[in-house]
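Structure first, commentary second.
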Amino acid sequence: QVQLVESGGGLVQAGGSLRLSCAASGRSFSAYTMGWFRQAPGKEREFVCGIKWSGGRTRYADSVKGRFTISRDNAKNTVYLQMNSLNAEDTAVYYCAADWSPVQYVPNAANAYDYWGQGTQVTVSS
């Protein structure tokens, strides 16, 4: 199995930036599609963004497109989420997820992902 550990969450003022990291265990990290999801209180888990193993294909939710950037460093078994221009709507627990599948696109459904991190809280205040 793959173990995922998120870090980098915290409290940030609106308009600020934050970078999340997700460290993965195992020696087959590059074979996984990596995604970020988030869940706010009272809301369903939603797709934020994802990246294929090659890093050449990414996918973003409309709500974060242009503000968030996902990247990965396969040599370090780590995926990152750079979040800029944060607003209150971004407040949520952010989860890192890994999908081992042969599809050539980035899934946006939570049930497509096989492994999940414990989540890290991001709170945006004014």
Side-chain angles (χ1 to χ4, degrees):
Q1 64 177 9
V2 175
Q3 292 185 338
L4 307 174
V5 180
E6 303 97 333
S7 62
L11 177 65
V12 63
Q13 292 186 353
S17 298
L18 206 60
R19 189 179 78 157
L20 306 183
S21 298
C22 175
S25 66
R27 295 182 290 178
S28 300
F29 175 76
S30 62
Y32 290 87
T33 299
M34 302 298 298
W36 288 97
F37 290 76
R38 66 186 183 186
Q39 188 166 19
K43 295 185 177 181
E44 296 182 352
R45 185 183 301 168
E46 66 173 341
F47 173 79
V48 177
C49 57
I51 186 169
K52 296 297 291 184
W53 48 83
S54 68
R57 183 176 294 276
T58 58
R59 184 176 183 177
Y60 295 88
D62 290 339
S63 60
V64 305
K65 192 174 299 182
R67 300 188 298 120
F68 290 10
T69 302
I70 187 172
S71 61
R72 67 189 297 163
D73 187 336
N74 290 338
K76 297 180 179 179
N77 285 0
T78 302
V79 62
Y80 305 95
L81 179 62
Q82 178 66 47
M83 305 183 293
N84 299 326
S85 301
L86 288 163
N87 57 60
E89 301 300 317
D90 298 314
T91 295
V93 176
Y94 283 71
Y95 297 92
C96 177
D99 169 37
W100 188 33
S101 71
V103 297
Q104 298 301 306
Y105 59 91
V106 178
N108 66 348
N111 61 13
Y113 291 80
D114 303 298
Y115 304 98
W116 295 84
Q118 81 287 354
T120 185
Q121 176 71 48
V122 172
T123 302
V124 184
S125 63
S126 300

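The structure displayed is predicted, hence computed values, not measured ones. In this chain, residues are counted from 1 in sequence order.
By the criterion of side-chain heavy atoms lying less than 4.5 angstrom apart, applied directly or through intervening Ile, Leu, Val, Met, Phe, Trp or Tyr residues, Y94 is grouped together with M34 in one hydrophobic cluster. V93 and V5 fall into different hydrophobic clusters, defined by Ile, Leu, Val, Met, Phe, Trp and Tyr side-chain heavy atoms under 4.5 Å apart, directly or through other members.
Residues satisfying the salt bridge (Lys or Arg N to Asp or Glu O under 4.0 Å) test with K76, not counting sequence neighbours, are none.
Below 30°, between 30° and 60°, or above 60°: for Y113 and F37 the angle between ring planes is above 60°, a perpendicular geometry.
Counting all heavy atoms, side chain and backbone alike, A92 lies closest to R38 at CB-CB, 3.8 Å. The nearest pair of heavy atoms linking Y60 to C49 is CD2-CB, 3.5 Å. The minimum heavy-atom distance between R57 and Y105, with the atom names listed, is CD-CA, 4.0 Å. What you find for V122 and G9 is that their closest heavy atoms are CG2-CA, 4.2 Å. Nearest heavy atoms, S125 versus L11: OG-CD1, 3.7 Å. Across all non-hydrogen atoms, the minimal contact from C22 to L4 is SG-CB, 3.8 Å.
The NZ atom of K52 sits 6.5 Å away from atom CG of D99, with the distance rounded to the nearest 0.5 Å. Expressed to the nearest 0.5 Å, how far CG of N77 lies from CD of Q3 amounts to 12.5 Å. Taken to the nearest 0.5 Å, the OH atom of Y115 stands 9.5 Å off from the OG atom of S25. Note that OG1 of T123 and CG of D90 are 11.0 Å apart. Values are rounded to the nearest 0.5 Å. Atoms CZ and CG, from F68 and L20 in turn, are 8.0 Å apart once rounded to the nearest 0.5 Å. Note that OG1 of T33 is 11.5 Å distant from CZ of R59, once rounded to the nearest 0.5 Å.
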In a table with atom names and distances, give each donor-acceptor pair under 3.5 Å that connects a side chain of residues 79-86 to protein atoms at least two apart or in another chain.
residue: Q82; atom: NE2; partner: N84; partner atom: OD1; Å: 3.0
residue: N84; atom: OD1; partner: S17; partner atom: OG; Å: 2.8

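For T91 (side chain) and V124 (main-chain N/O), a donor-acceptor pair under 3.5 Å exists by modelled atom type. Not a single donor-acceptor pair under 3.5 Å links the side chain of Y32 to the backbone N or O of A97. Panel note: side chain E6, backbone G119; a donor-acceptor pair is recorded below 3.5 Å. N108 places no side-chain N or O within 3.5 Å of a backbone atom of F47 that could act as its donor or acceptor partner.
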Quiz item: Is there a side-chain contact (heavy atoms from CB on, under 4.5 Å) between C96 and W36 once you walk through the steps?
Solution: CA-CA 5 Å; C96 177; W36 288 97; 4.0 Å; yes
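Summarising the local packing, CD of E89 is surrounded by 12 or fewer heavy atoms from other residues, nucleotides or ligands at distances under 6.0 Å.
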